[in-house]
2 protein chains.
Amino acid sequence: MTTSIKDVALLAGVSVATVSRVLGNGPVSAALRAKVEAAVAQSGYRPNLSARRLRSQHTHTIGLIVSDIRNPFFTSVSRAVEDVAYQAGMRVILCNTDENPDKEAMYLRLMQEERVSGVIFAATRATADALDVAGLGFPVVMIDRAGPAARCDAVLLDNRAAAAQLVEHLLGCGYRRIGGLFGNTSSTGAERHAGFAEAMERVGLPAAARFVAPSAEAAQAEAAKWLREAGAPEALIASNGLLLLGVVKAVREAGVAVPGRLALAGFDNDSWTELADPGMTVIEQPVDEIGRAAMEMLLERLERPERPLRKVVLAGRLVERGSSQPRG
Amino acid sequence: MTTSIKDVALLAGVSVATVSRVLGNGPVSAALRAKVEAAVAQSGYRPNLSARRLRSQHTHTIGLIVSDIRNPFFTSVSRAVEDVAYQAGMRVILCNTDENPDKEAMYLRLMQEERVSGVIFAATRATADALDVAGLGFPVVMIDRAGPAARCDAVLLDNRAAAAQLVEHLLGCGYRRIGGLFGNTSSTGAERHAGFAEAMERVGLPAAARFVAPSAEAAQAEAAKWLREAGAPEALIASNGLLLLGVVKAVREAGVAVPGRLALAGFDNDSWTELADPGMTVIEQPVDEIGRAAMEMLLERLERPERPLRKVVLAGRLVERGSSQPRG
DNA sequence: GCTGGCATTGAAAACGATTACATTTTTCCT
DNA sequence: AGGAAAAATGTAATCGTTTTCAATGCCAGC
């Protein structure tokens with residue numbers, strides 16, 4: 001039996017309305033305010049957020065839906081989102097979908113039941129394409145994966161350009177037979193593949209691409225197989241940190257020299273890429289910036305629902321390390 | 001203007017009570033149940049969780065309070081917690097305290113206002129010692145850091161034993177002048193230091209220990225300084241993944257050979273520790289198990305509030321890698 | 001053909017806050 | 001001092017559910 005606003009009112013000898021006004025800094029005389037504050041302190045009163053949300057019709061809550069918080073990209077993004085959110089007096093509900101469309105649908109339904117103010121969403125390609133944003137009842141900011149053509153705000157990396165930048169870097173280092181390993185569920189993978197293919201075509205080279213499930217294990221298996229084939233690539237691009245990790249494990253296991261027999265490059269400047277031997281050449285994503293931008297964009301959208309849609313496209317930064325050293 | 005249970009009742013031609021009963025599978029005739037379900041489907045009705053929570057006095061929500069979700073240990077733990085929680089129909093509110101007691105207090109207050117069913121808490125030493133669990137109004141399961149003597153459930157690593165295990169391993173590899181670098185805010189750091197000091201004393205060696213703020217930067221700075229001093233250690237133990245990372249960076253920068261001039265060992269089997277050159281010898285914590293055990297323990301406590309307090313102590317696993325190779 | 005009992009159903013009272021509106025008190029002007 | 005306007009306060013409705021309690025309908029048993 002926790003103490004309610006009624007108990008505080010009784011204790012302070014005022015009406016519940018006055019207590020509410022003191023808490024929400026409405027107009028109250030100094031004398032009553034003092035009495036109420038004393039009563040609050042004495043009773044250890046804590047407002048009930050469920051009641052407050054029900055009555056005010058504002059939940060001050062947003063959803064953050066990602067594939068897996070253990071992916072370092074999402075770890076950092078989520079931390080940035082939460083920092084901005086809590087500063088703005090908003091709570092965050094975190095959901096892990098494992099790139100599973102059923103889970104995505106389930107969590108979206110949950111978001112509706114929670115009556116969230118808005119959602120930041122890293123959707124799979126399937127969901128992103130089919131999503132009826134308007135019918136959801138709350139604004140959505142897409143991150144990482146693009147939304148259905150221009151139907152909602154988004155914060156994205158320029159994936160095509162970043163992939164192309166990797167290709168050009170590898171070409172500049174003297175590699176020609178370049179392969180790419182991409183995730184088969186995200187639109188991110190598709191875009192990076194597009195950038196990769198375009199850049200290769202631009203110089204008239206064939207773009208050998210393979211698609212795998214988004215896990216280190218799948219990447220490891222595919223890479224191991226690929227490396228045993230005739231005409232295996234001289235350089236390999238992996239479309240995210242997890243896939244790159246799988247590739248590195250396969251390479252270690254097979255005893256392949258890097259970059260001697262195989263150069264590597266990928267995405268996501270995870271801590272291990274710096275400390276591995278050799279260090280991994282990667283595109284670093286501005287993770288804090290992505291999280292902060294997404295949350296700020298959502299807040300602005302909530303403030304002015306009618307403002308035109310926006311897409312913020314951020315550039316990646318090439319971090320050159322030993323895994324792609326010039327051939328000598 | 002979202003549709004409420006009232007609209008559904010009107011549409012189905014029944015009372016709101018009946019709709020509520022259909023949703024909560026109370027006793028309803030098949031005929032009415034069908035009509036209600038049709039009305040629910042047609043109207044796209046979504047129950048309002050705030051209202052439900054207010055009325056039922058059950059929030060089905062727990063709090064997870066950690067220092068920083070970017071710490072891989074907490075990343076994995078949180079994922080495990082959330083999986084178990086969602087399966088049990090519970091929501092999770094995640095809070096990052098940055099080991100800041102003020103933030104801890106603030107989030108605990110927030111948990112009260114949310115009327116959470118319970119909290120899983122990785123507290124700083126200061127808060128863990130001073131915490132008045134009984135006055136909080138909800139059960140607490142401590143993780144990682146021990147709670148105030150036996151006042152609440154806990155899931156812990158056997159830190160003393162683990163630290164001792166590292167010391168014995170290093171001794172067995174021929175190292176004698178062993179130093180330890182520990183976090184100065186967590187009780188984890190304190191316990192690991194105790195295990196370290198005891199193990200060293202047991203063999204009659206001096207235990208050189210230093211304490212730093214819980215960040216890679218602080219560890220890097222302290223390690224760099226230490227290595228320049230006369231009588232610098234031959235082997236160094238770092239009390240968590242972040243500190244070990246800092247030490248490795250300092251070592252790289254100073255061009256110190258590992259393990260030739262300095263052997264290294266630490267805690268947390270983060271992915272980089274395997275891929276770094278040389279690989280890091282570490283104590284691996286059963287992260288999934290810790291998260292799952294904590295959440296299950298909380299659920300059991302909610303079911304039977306009067307059951308006696310329990311502490312689950314899990315053993316770490318020594319992973320031997322190149323950074324602590326026997327001197328030769 | 002009643003009556004007692006059981007299973008369904010509905011009306012209305014909570015849950016704990018905010019807020020529109022009515023009322024009281026104060027302020028300030030003439 | 002009197003009265004109008006402004007400020008402070010209280011009363012009561014409301015948010016969307018669940019749940020208690022009373023009412024209804026139906027059936028079996030006599």
Side-chain angles (χ1 to χ4, degrees), chain A residues 1-37 39-40 43-61 89 91 109-117 137, chain B residues 1-37 39-40 43-61 89 91 109-117 137:
Chain A
M1 192 51 48
T2 68
T3 82
S4 80
I5 199 173
K6 215 179 249 175
D7 304 313
V8 176
L10 209 65
L11 190 59
V14 301
S15 75
V16 293
T18 300
V19 177
S20 175
R21 278 189 272 257
V22 169
L23 268 44
N25 41 27
V28 183
S29 69
L32 284 200
R33 163 158 281 143
K35 275 211 284 189
V36 169
E37 277 165 356
V40 166
S43 63
Y45 166 73
R46 295 273 179 276
N48 182 318
L49 291 185
S50 293
R52 192 174 270 183
R53 291 200 253 258
L54 171 59
R55 170 61 229 221
S56 71
Q57 302 286 65
H58 289 122
T59 57
H60 296 286
T61 300
R91 236 70 61 219
R109 200 160 50 241
L110 176 63
M111 295 302 103
Q112 297 183 303
E113 302 189 349
E114 291 278 3
R115 302 290 192 272
V116 293
S117 310
Chain B
M1 193 50 49
T2 69
T3 83
S4 80
I5 200 174
K6 216 179 248 175
D7 303 314
V8 176
L10 209 63
L11 189 60
V14 300
S15 74
V16 293
T18 300
V19 177
S20 175
R21 279 190 270 258
V22 169
L23 268 43
N25 41 25
V28 183
S29 69
L32 284 199
R33 162 156 285 144
K35 277 211 285 190
V36 168
E37 276 165 357
V40 166
S43 64
Y45 165 72
R46 296 274 179 275
N48 181 318
L49 292 185
S50 293
R52 194 172 266 184
R53 290 200 253 259
L54 171 59
R55 171 59 228 221
S56 71
Q57 302 285 67
H58 290 122
T59 56
H60 296 286
T61 300
R91 237 71 60 218
R109 200 160 49 240
L110 175 64
M111 295 303 104
Q112 297 184 302
E113 302 188 350
E114 292 278 3
R115 301 293 193 271
V116 294
S117 310

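Just the heavy atoms: all of them, side chains too, but no hydrogens, waters or symmetry mates, feed the values below. Fair warning: this is a prediction, and the values are worked out from it, not measured in the lab. Every chain is numbered from 1, with letters handed out A, B, ... down the list of sequences.
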Compare every heavy atom of A:Arg53 with every heavy atom of B:Ser50, then report the nearest pair and how far apart it is. OG-CB, 3.7 Å
Only distances under 3.5 Å count here; give the side-chain donor-acceptor pairs of residues 14-26 of chain B to other protein atoms, sequence neighbours excluded, each with its distance to 0.1 Å.
from: B:Ser15; atom 1: OG; to: B:Ala17; atom 2: N; distance (Å): 3.4
from: B:Ser15; atom 1: OG; to: B:Thr18; atom 2: N; distance (Å): 3.3
from: B:Ser15; atom 1: OG; to: B:Thr18; atom 2: OG1; distance (Å): 3.3

Tell me the interatomic distance from A:His58, atom NE2, to C:dA17, atom P, rounded to whole angstroms. 19 Å
Taking C:dA17, D:dA8, D:dT18 as options, the one with an atom nearest any side-chain atom of A:Pro47 is C:dA17
Separation of atom CD in B:Glu113 from atom C1' in C:dG16, rounded to whole Å: 13 Å
Of all the heavy-atom pairs spanning A:Tyr45 and A:Ile5, show the shortest one and how long it is. CE1-N, 3.5 Å
Drop me the distance from A:Leu110's CG to B:Arg91's CZ, to the nearest 0.5 angstrom. 5.0 Å
Between CD of A:Glu114 and P of D:dG16 the distance, given in whole Å, is 16 Å
B:Ser20 has a side chain; which of C:dT8, D:dT18, D:dT9 sits nearest to it? D:dT18
Picking from C:dA12, C:dG10, C:dA17, which would you name as closest to the side chain of B:Val16? C:dA12
Classify A:Leu23 by what it touches in the nucleic acid, base, sugar-phosphate, or nothing, heavy-atom distance under 4.0 Å. nothing
One should read off an interatomic distance between A:Leu49 CG and B:Glu113 CD, to the nearest 0.5 angstrom, of 5.0 Å
Note: B:Arg52 and B:Pro47 closest approach over all heavy atoms is NH2-CB, 3.4 Å
Please evaluate the base of C:dG16 for a donor-acceptor partner in the side chain of A:Arg46 within a cut-off of under 3.5 Å? no
Just checking A:Thr18: base, sugar-phosphate only, or nothing, at a heavy-atom cut-off of under 4.0 Å? sugar-phosphate
Which whole-number value in Å describes the distance from A:Tyr45 OH to C:dG16 P? 10 Å
Taking B:Thr59 for the side chain and B:Arg115 for the main chain, is one N or O donor matched with an acceptor at less than 3.5 Å? yes
By nearest heavy atom, map A:Arg33 and B:Ile5 onto DNA chain D; which one lands nearer the 5' end? A:Arg33
Look at A:Ser29 and D:dT9 and indicate whether a side-chain polar atom (N or O) is within less than 4.0 Å of OP1 or OP2. yes
Quick one, which residues of residues 49-57 of chain B touch DNA chain C with a heavy atom under 4.0 Å? B:Leu54, B:Arg55, B:Gln57
Just how large is the angle between the end axes of the helix from C:dG1-D:dC30 to C:dT30-D:dA1, five pairs per end, to 10 degrees? 50°
Specify the separation, in whole Å, of atom CZ of A:Arg21 and atom P of C:dA20. 11 Å
Without decimals, in angstroms, what is the distance between B:His60 NE2 and D:dT17 P? 15 Å
Which pair of non-hydrogen atoms, one from A:Asp7 and one from A:Thr2, has the smallest distance, and what is that distance? OD2-O, 4.2 Å
Please give, in whole Å, the distance from D:dT18 C1' to B:Asn25 CG? 14 Å
Is there a side-chain polar atom (N or O) of B:Ser15 under 4.0 Å from OP1 or OP2 of C:dA11? no
Measure from NZ on B:Lys6 to C1' on D:dA13 and round the result to the nearest Å. 11 Å
Return the minimal non-hydrogen interatomic distance between B:Thr3 and B:Ser43, and the atom names on each side. CG2-O, 3.9 Å
